[in-house]
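Position 1 is the first residue of the sequence; numbering continues from there.
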Amino acid sequence: MNASENLSSGVSAFEHYMLVDDRPKYPMVFWLVMTLQGQADEARLSAALNSAVSHHPMLSSHLVGDPRCRRANLLWRHVKNAIVYLDSGPTGAPFRFPKAQSSEAVTFGKENRTNSLAIDLSREIGVRAFLRQGIDNCTVHFQFHHSVTDGLGAMGFLEDVLRYYDGAGAKVAIPPRQPALIKRRHLCGLNPWQIIRLIPLFLVRAYRFYLSNPEPLSLGSSGSSNGLVGDAALQCPARECGQLSAPELVHLKSASRKHGASINDALLTHVFSSVDSWQRAKELSDGKKRNRRVRVLVPVNMRQAQDHLMSAANMIGMVFIDRRGSLFDRPAQLLQSIVKEMRAVKRHGLGFALNFATGLAGLVRGGVGAVASQCLTWRCAATVVLSNLGDPLAHCDLPRDTSGQIMTGGLTLSCLELLPPLRLYTNLAIGVVTYAGRLTMTAHYDHTLLSKQDVRFLLNGVLAGARAANAVAVSAPLEIQGGERLVTDF
């Protein structure tokens, strides 16, 4: 089946927003990082990348049109026999990005795109790979433009890469990807009648979003260079990583389930508590009273059961969860409020609210740009991002070692990390992935605004809260009343 024949050429509302909010210093890209035991074969990896991308038409397309235009004027054009850019080198070497295809700087909208982290979709496809080899291990950084796929879609591509690498040119059995399913991505599994009924709730959430004014973690320079200097400081995503062991994850699951919460509900609680502790510490050190309103942006998976074989694409929404200081001293009530709100989000499909708003704005030229404007979001749209992919390789049937780690072509996948995009005034984005029974939490941060010590403080606070799951427990399971009602106590 030719993937290009099944590609819907239109641009969805979510994709349009991702394109418009693509900024030179903060490109709309996210990363998946594989750490593997053993040394990878570069030629074998390149072949696997190019074979895998042929099953994912959104990843192998160029954008036609100016994102500042109406959405109806934008198209995706499939690239036949697309080649995935692969940069290889020793561990620690700065990433080398593709050069512009002309002597002039690549432009996007009104701004020069001089930051090589950016992916120019008018000239290249939406995925790159960077291989770094050590003595007995290696890492592969996958960089994705968020307008062509979300994290779960990217994980489907990554699984196909692992399968092709394992097959090494032989006939490879990969999941039967269905590119035609990506035509469903525009409505995120909702039908028009459901969307019409949800409009009042969408408007309420929009009102609450613009009513509040969260404070960014930092507005000034930290003086940090992430250990790099000059252009090299911009050419590698700054990250800090921590893990919950298999027993710790089992404990967290058990404690969360006992109190009617998901793992993500518990992690959200600990993110709020950690940010509040960090703000208190900053108050003591700089003597400045800080705004205790914290907003966490949470991506919401909108896939239905029948979408599990969809080729890489965006089928997510986003919700903004706000809390303020009065709840941070009451961890049980904080958890209860989060459980209640997230249940309402899932029950009513409220993750589609941003998609709906940008869909309306995209009907007129410049409308999505107005929605994405920092003037409308009072500078800071969210304090922190928390994105949880769950266990995306749980059903991958490649061979595994005794600890559950995937083995492919003589390599063993020991760790998998997600680095969500950073945005202007959103200095920290936390990605969560469960793999081989362990939960890995990675903090992607703006090293020009936050120091490594700041990030370790914040990340360790979340991990410590997750390890001491009973710290938010009460003597009896939480009673969640009025599950369909949106939380108002924040």
Arg303 vs Asp150, salt bridge (Lys or Arg N to Asp or Glu O under 4.0 Å): CA-CA, chis, key distance, verdict: CA-CA 11 Å; Arg303 287 169 174 80; Asp150 56 26; 2.8 Å; yes

Chi angles and distances behind the salt bridge (Lys or Arg N to Asp or Glu O under 4.0 Å) call for Asp265, Arg343: CA-CA 10 Å; Asp265 296 335; Arg343 284 187 179 182; over 6 Å; no

Taking [X] for its side chain and [Y] for its backbone only, find out whether a donor-acceptor pair lies under 3.5 Å.
X: Asn73; Y: Cys69; answer: no
X: Arg185; Y: Ile182; answer: yes
X: Thr442; Y: Cys241; answer: no
X: Tyr164; Y: Arg44; answer: no
X: Asp87; Y: Arg96; answer: yes
X: Ser414; Y: Thr35; answer: yes
X: Asn50; Y: Ala47; answer: no
X: Asp41; Y: Ala43; answer: yes
X: Thr383; Y: Arg295; answer: yes
X: His56; Y: Ala312; answer: yes

Do [X] and [Y] get their side chains close enough for a donor-acceptor pair, meaning under 3.5 Å?
X: Asp446; Y: Tyr26; result: yes
X: Glu417; Y: Thr440; result: no
X: Ser122; Y: Asp120; result: yes

Those residues that, when tested against Arg128, pass salt bridge (charged side-chain N to carboxylate O under 4.0 Å, His left out) (two or more places apart):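 Only Glu124 meet the salt bridge (charged side-chain N to carboxylate O under 4.0 Å, His left out) criterion with Arg128.
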
Within-4.5 Å side-chain heavy-atom neighbours: Leu309 and Pro176: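 With C-beta onward as the side chain, the pair touches.
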
Ser387 side chain near Val432 side chain, heavy-atom distance below 4.5 Å: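 No - every pair of side-chain heavy atoms lies 4.5 Å or more apart.
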
Val384 and Val275: CA distance, side-chain angles, deciding distance, side-chain contact (heavy atoms from CB on, under 4.5 Å) verdict: CA-CA 9 Å; Val384 182; Val275 171; 3.8 Å; yes

Quick one: do [X] and [Y] make a salt bridge, cutoff under 4.0 Å?
X: Asp22; Y: Arg423; value: no
X: Glu15; Y: Arg71; value: no
X: Arg23; Y: Asp21; value: yes
X: Arg163; Y: Asp397; value: yes

If you round to the nearest 0.5 Å, how far is [atom2] of [Y] from [atom1] of [X]?
X: Asp454; Y: Leu458; atom1: CG; atom2: CG; answer: 7.0 Å
X: Leu413; Y: Thr408; atom1: CG; atom2: OG1; answer: 9.0 Å
X: Met28; Y: Leu117; atom1: CE; atom2: CG; answer: 13.5 Å
X: Tyr435; Y: Asp391; atom1: OH; atom2: CG; answer: 9.5 Å
X: Gln133; Y: Cys138; atom1: CD; atom2: SG; answer: 5.0 Å

Of Thr434, Leu268, Leu439, the residue whose pairing with Ile263 passes side-chain contact (heavy atoms from CB on, under 4.5 Å):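 Among Thr434, Leu268, Leu439, the one that satisfies the side-chain contact (heavy atoms from CB on, under 4.5 Å) with Ile263 is Leu439.
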
Parallel, tilted or perpendicular: ring planes of Trp31 versus His141, cut at 30 and 60 degrees: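 Answer is perpendicular, since the angle exceeds 60°.
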
Steps toward side chain to side chain donor-acceptor pair (under 3.5 Å) verdict (Thr412, Gln405): CA-CA 7 Å; Thr412 300; Gln405 298 178 141; 5.7 Å; no

Set of residues satisfying ring pair (Phe, Tyr, Trp, His ring centres under 6.0 Å) with respect to Phe30, sequence neighbours excluded: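 Phe30 satisfies ring pair (Phe, Tyr, Trp, His ring centres under 6.0 Å) with Phe144, His146 only.
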
Any residue meeting ring pair (Phe, Tyr, Trp, His ring centres under 6.0 Å) with Phe320, in chain and number order, not counting sequence neighbours: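 Only Phe209 meet the ring pair (Phe, Tyr, Trp, His ring centres under 6.0 Å) criterion with Phe320.
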
Test log, rule side-chain contact (heavy atoms from CB on, under 4.5 Å), inputs Val385 and Ile430: CA-CA 6 Å; Val385 176; Ile430 299 173; over 6 Å; no

Step-by-step side-chain contact (heavy atoms from CB on, under 4.5 Å) determination, Asn427 to Leu422: CA-CA 6 Å; Asn427 319 134; Leu422 298 175; 6.0 Å; no

Worked check of side chain to side chain donor-acceptor pair (under 3.5 Å) between Asn264 and Asn388: CA-CA 7 Å; Asn264 216 48; Asn388 189 346; 3.1 Å; yes

